[in-house]
Amino acid sequence: MRLTRSLLPTIKQNPAEAQIASHRLMLRAGLVRQVAAGIYAWLPAGWRVLRNIAQVVREEQDRVGAQELLLPTLQSADLWRSTGRYDAYGPEMLRLKDRHDRDLIYSPTNELLIADLLRQSVHSYRELPQILYHIQWKFRDETRPRFGVMRGREFLMKDGYSFDLDHAAAVRSYRIMMLAYLRTFQRLGVQAVPMAADTGPIGGDLSHEFHILAPTGESQVFYDAGVETIRIGTDDVDHTDPGQLDRFFTAVTTPYAATDEKHDLAAWEQVPAERRREGRGIEVGQIFNFGTLYSELVGLQVAGPDGTSIAPNMGSYGIGVSRLVGALIEAHHDDAGIIWPDSVAPFRAAILNLKQGDAATGALCEQAYAAMPGRALYDDREERAGVKFADADLMGHPWQVIVGPRGAAAGTVELKRRATGERQELTLDAALAHIA
Ligand code: P5A
């Protein structure tokens, strides 16, 4: 994209309404604008980041055999009423009426809807297991939407649902999702620690939350310092091999790590005092096993091998895709702005033309721009070099290709790596090779 042709409204001053770095930087870098409390418009650069995160999530779900579908944002209230969940869910659920005075809801989560879909289409144990997911907007009328997209009312979630014949098989699905999640967060450039968690309004008795440790996190967490340094080669784990899966799961869940609702003082005492850590975490995902709770609510049953009816054992698996945009910035920024991990950056590189109007400089910039189709942002504004440097640092592109008249005459550019500040003078081809 050419900056002069882009909607990329950067802001110099810190917006007064933003209390934490990621919210400030998302507004200042022109990623989002608030439309109503907890409801955001995603501007082009922000939408690119959101799509990149969603794509990593999607690839890691597909890799372990989960199937993507798309459920709607709105659904009839009937299913929620007939199962008693309409009143149970509480004021966080947005309730609407259509022109025929029929009650609808904007889905806060989809356990019921998807269990009901399976009830209509799956009839035999031979059709299990199934893991289904989608990446779709949710609405929760939070009492205190805050910190920008971190706690929104409308937010993008990856929600997945597993259906297995029995508890042992469901635990396997749960562990496969644990693996997919750790791979996902690793590719996104953050460490998210699985913590024993409470199941809240979703229900069930087995759950983990995934927390990025950060002082601005909303959750209080307790953990063994060992969790910060465990490195599991998740790529080497074969999810179809039960032995490997069990060893992986044991390795990641053995060191003590729990949210405050699940904090267990007796187990905590067993952690050597010098390794006990207490801090804040940003919850970027949560997984649940709740047995046959929802299957029974909707009457989902399949014929088992001996002909008897079996209620499938279910789990659900969430990732806060839009929350991750904020969480990644909390984990990766400095005083000058965002430092995007390569895997999610809206643009891989910015091309900074330091002398707009100079023919040789312009020509070299155009050459760089043409060499990175769809992946570069060309700052072709009539602005001072200082403004272009500051905006590029603010927006956080992993690379900056800095082109001035002196270099252009010699056929060189300056290549800056945002994360380290390291600069090198190189031919354009050499710079492009680094970026690729
Ligand atoms: C799991 C998938 C569920 O809803 N049902 C379907 C289960 N879990 S959850 O923990 O309640 O939500 C999953 C993740 O969504 C993110 N999230 C939010 N992000 C932004 N704003 C919000 N108000 C919000 N609420 C939840 C979190 O990352 C959470 O882990």
Side-chain angles (χ1 to χ4, degrees), residues 20 22-23 26 32 34 36-40 42 50 53-54 57 61 66 69 71 73 75 85 89-94 105-115 131-163 173-174 177-178 180-181 184-185 188 190 192-204 206-212 214 217-219 221 259 261-262 281-290 293-294 314-330:
I20 63 171
S22 59
H23 188 194
M26 286 185 73
V32 292
Q34 184 173 293
I39 302 178
Y40 288 85
W42 291 79
L50 199 58
I53 295 174
V57 169
Q61 292 293 301
L69 45 53
L71 304 175
T73 53
Q75 47 176 298
R85 303 294 293 176
Y89 203 90
E92 277 194 7
M93 189 157 74
L94 183 65
I105 62 142
Y106 194 121
S107 309
T109 184
N110 287 296
E111 282 79 2
L112 277 178
L113 184 67
I114 198 149
I131 304 181
L132 297 152
Y133 76 96
H134 71 162
I135 299 173
Q136 176 65 292
W137 297 94
K138 303 287 177 295
F139 194 94
R140 292 182 186 172
D141 205 351
E142 302 273 351
T143 22
R144 274 190 75 202
R146 58 181 186 152
F147 299 155
V149 301
M150 293 273 229
R151 180 164 298 278
R153 292 198 296 164
E154 188 190 46
F155 59 96
L156 191 61
M157 190 200 289
K158 185 287 293 183
D159 42 323
Y161 304 87
S162 65
F163 298 85
S173 294
Y174 185 92
M177 278 296 135
M178 169 76 76
Y181 274 38
T184 302
F185 297 126
L188 294 175
V190 281
V193 180
M195 308 239 171
D198 201 35
T199 55
I202 305 286
L206 172 61
S207 181
H208 284 86
E209 288 178 3
F210 295 79
H211 283 269
I212 295 178
E218 290 192 284
S219 316
V221 295
T259 61
E261 296 96 351
K262 275 281 178 181
I282 303 171
E283 182 206 317
V284 290
Q286 185 166 7
I287 58 179
F288 303 82
N289 176 273
F290 37 74
L293 177 67
Y294 289 91
M314 280 180 71
S316 75
Y317 312 92
I319 293 184
V321 177
S322 50
R323 175 176 290 180
L324 267 166
V325 179
L328 293 185
I329 296 174
E330 286 298 321

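Because the structure is predicted, anything quoted here is derived from the model rather than measured. The first residue of the sequence shown is numbered 1, and numbering continues consecutively from there. In listed order, ligands and their atoms are each counted from 1.
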Salt bridge (Lys or Arg N to Asp or Glu O under 4.0 Å) against [X], all qualifying residues, sequence neighbours excluded:
X: Lys138; value: Asp159
X: Arg85; value: none
X: Glu261; value: none

Residue contacts for ligand 1, heavy atom to ligand atom, distance under 4.0 Å: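 Answer by chain and number: Thr109, Glu111, Arg140, Glu142, Val149, Met150, Arg151, Gly152, Phe155, Met157, Asp159, Tyr161, Ile202, Glu283, Val284, Gly285, Gln286, Phe288, Ser316, Tyr317, Gly318, Gly320, Arg323.
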
Check: Lys262 side chain, His208 main-chain N or O, donor-acceptor pair, under 3.5 Å: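 Here the side-chain-to-backbone pair does not exist.
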
Closest contact, heavy atoms only, Tyr294 versus Ala115: O-CB, 4.3 Å

Residue pair Glu283 / Arg323, side-chain heavy-atom distance below 4.5 Å: yes

